[in-house]
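Encoded as structure tokens, the structure appears first; notes follow it.
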Amino acid sequence: MPSALDQYLNSHTGPLAQGLDWIESATHIHTNYPRMMCGPVQGKLLTMLAQISGARKALEIGTFTGYSAACIALGLPEDGHLDTLEIDDELEDITLEGWRRCGVSQKITLRRGNALASLSAIASECSGDSLYDFAYIDADKREYIDYYEAILPVLRPCGLIVADDVLLGGKPYDESCHDAKTEALRAFNDHIKNDPRTEVVIVPLRDGISLIRKL
């Protein structure tokens with residue numbers, strides 16, 4: 001059941017693009033962890049960030065049922081494109097149908113396989129005008145630093161990285177929590193804070209979002 005805050009945010013955010021409600025419904029019906037989907041408020045933020053940043057070429061790590069990918073693609077111009085990386089193929093039918101309903105299928109390339117391996121292949125293809133403008137990270141929290149380091153070389157100067165779940169229900173700032181995922185996010189947050197190549201602000205929306213600008 002959504003909290004009173006979530007209900008208020010949802011009712012004052014929008015309108016949602018056609019097709020996103022179908023992805024949300026399918027995610028609740030066909031997955032055990034629907035909260036892994038970013039949801040309408042965060043989705044609208046992703047659309048606006050892609051628009052505001054002037055992104056034409058975007059990268060996503062972690063697709064799940066395709067909601068966030070659709071939102072990013074909706075923020076790109078008609079000739080813009082999103083490469084999204086996902087290791088799990090069990091939800092591909094839902095993902096592709098959702099993108100079709102949102103009218104963004106032509107803007108998205110789904111790359112299956114290990115994200116770091118895919119990023120290595122992408123790095124060999126990228127240079128000059130082929131660099132990315134925008135990147136979204138929402139995958140294995142224990143590999144966030146590796147994702148970040150792999151993204152930076154293929155991101156243009158002043159490009160934007162959005163990293164999801166960086167507050168993880170408050171665990172990173174709870175000194176009693178020491179599980180592997182929490183420790184990895186602590187290390188990631190410290191790594192970004194101390195990196196002179198970028199600047200960062202954490203927005204406490206849902207489980208926390210880091211907005212990271214490459215200098």
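The shown structure was predicted, so the numbers you read here are calculated from the model rather than taken from an experiment.
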What heavy-atom pair brings [X] and [Y] nearest, and what distance separates the two atoms?
| X | Y | result |
| --- | --- | --- |
| His178 | Ser176 | CD2-O, 3.6 Å |
| Ile209 | Val166 | N-CG2, 3.9 Å |
| Ile23 | Thr27 | O-OG1, 2.7 Å |
| Trp22 | Ile94 | CZ3-O, 3.6 Å |
| Val104 | Leu74 | CG1-CD2, 3.7 Å |
| Arg206 | Arg35 | NH2-O, 3.2 Å |

>> Under the criterion side-chain hydrogen bond (donor to acceptor under 3.5 Å, both in side chains), I'd like the reasoning laid out for Ser130 against Glu125: C-alpha separation, chi angles, the key distance, then a yes or no.
In response: CA-CA 8 Å; Ser130 66; Glu125 303 165 3; over 6 Å; no

>> Starting from Leu160, can I reach Leu152 by hopping between I/L/V/M/F/W/Y residues whose side chains sit under 4.5 Å apart?
In response: no

> Linking I/L/V/M/F/W/Y whenever their side-chain heavy atoms sit closer than 4.5 Å, directly or via other members, would Phe134 and Leu82 fall into one cluster?
Replying inline: yes

Are [X] and [Y] close enough that some pair of their side-chain heavy atoms sits under 4.5 Å apart?
| X | Y | answer |
| --- | --- | --- |
| Glu60 | Ser68 | yes |
| Leu49 | Ile72 | no |
| Thr182 | Asp174 | no |
| Leu45 | Leu205 | yes |
| Leu167 | Tyr173 | yes |
| Leu85 | Leu119 | yes |
| Asn189 | Tyr144 | no |
| Gln18 | Arg101 | no |

Using modelled atom types only, decide if a donor and an acceptor are shared between the side chain of [X] and the backbone of [Y] within a distance under 3.5 Å.
| X | Y | value |
| --- | --- | --- |
| Glu86 | Ile61 | no |
| Ser120 | Leu116 | no |
| Trp99 | Gly66 | yes |
| Ser210 | Ala163 | no |
| Thr13 | Val41 | no |

>> One pair to check against side-chain contact (heavy atoms from CB on, under 4.5 Å): Asp138 and Met36. What are the steps and the verdict?
In response: CA-CA 9 Å; Asp138 185 15; Met36 289 173 59; over 6 Å; no

Quick check for you: to the nearest 0.5 Å, what is the distance between [X] atom [atom1] and [Y] atom [atom2]?
| X | Y | atom1 | atom2 | result |
| --- | --- | --- | --- | --- |
| Lys107 | Cys102 | NZ | SG | 11.0 Å |
| Ile29 | Thr65 | CD1 | OG1 | 11.5 Å |
| Lys214 | Asp133 | NZ | CG | 11.0 Å |
| Glu97 | Glu92 | CD | CD | 12.5 Å |
| Cys177 | Arg186 | SG | CZ | 6.5 Å |

>> Asp195 vs Arg197, test: salt bridge (charged side-chain N to carboxylate O under 4.0 Å, His left out). Steps then yes/no.
In response: CA-CA 5 Å; Asp195 190 348; Arg197 299 170 296 176; 2.8 Å; yes

Give a yes-or-no answer on whether the side chains of [X] and [Y] include a donor-acceptor pair shorter than 3.5 Å.
| X | Y | answer |
| --- | --- | --- |
| Asp83 | Tyr132 | yes |
| Thr63 | Thr84 | yes |
| His81 | Gln106 | no |

>> Show, in sequence, the C-alpha distance, side-chain angles and deciding distance for Tyr136 and Ile151, and conclude whether the side-chain contact (heavy atoms from CB on, under 4.5 Å) test is met.
In response: CA-CA 10 Å; Tyr136 179 57; Ile151 288 169; over 6 Å; no

>> Tell me whether Glu199 at atom CD has more than 12 heavy atoms from other residues, nucleotides or ligands lying less than 6.0 Å away.
In response: yes

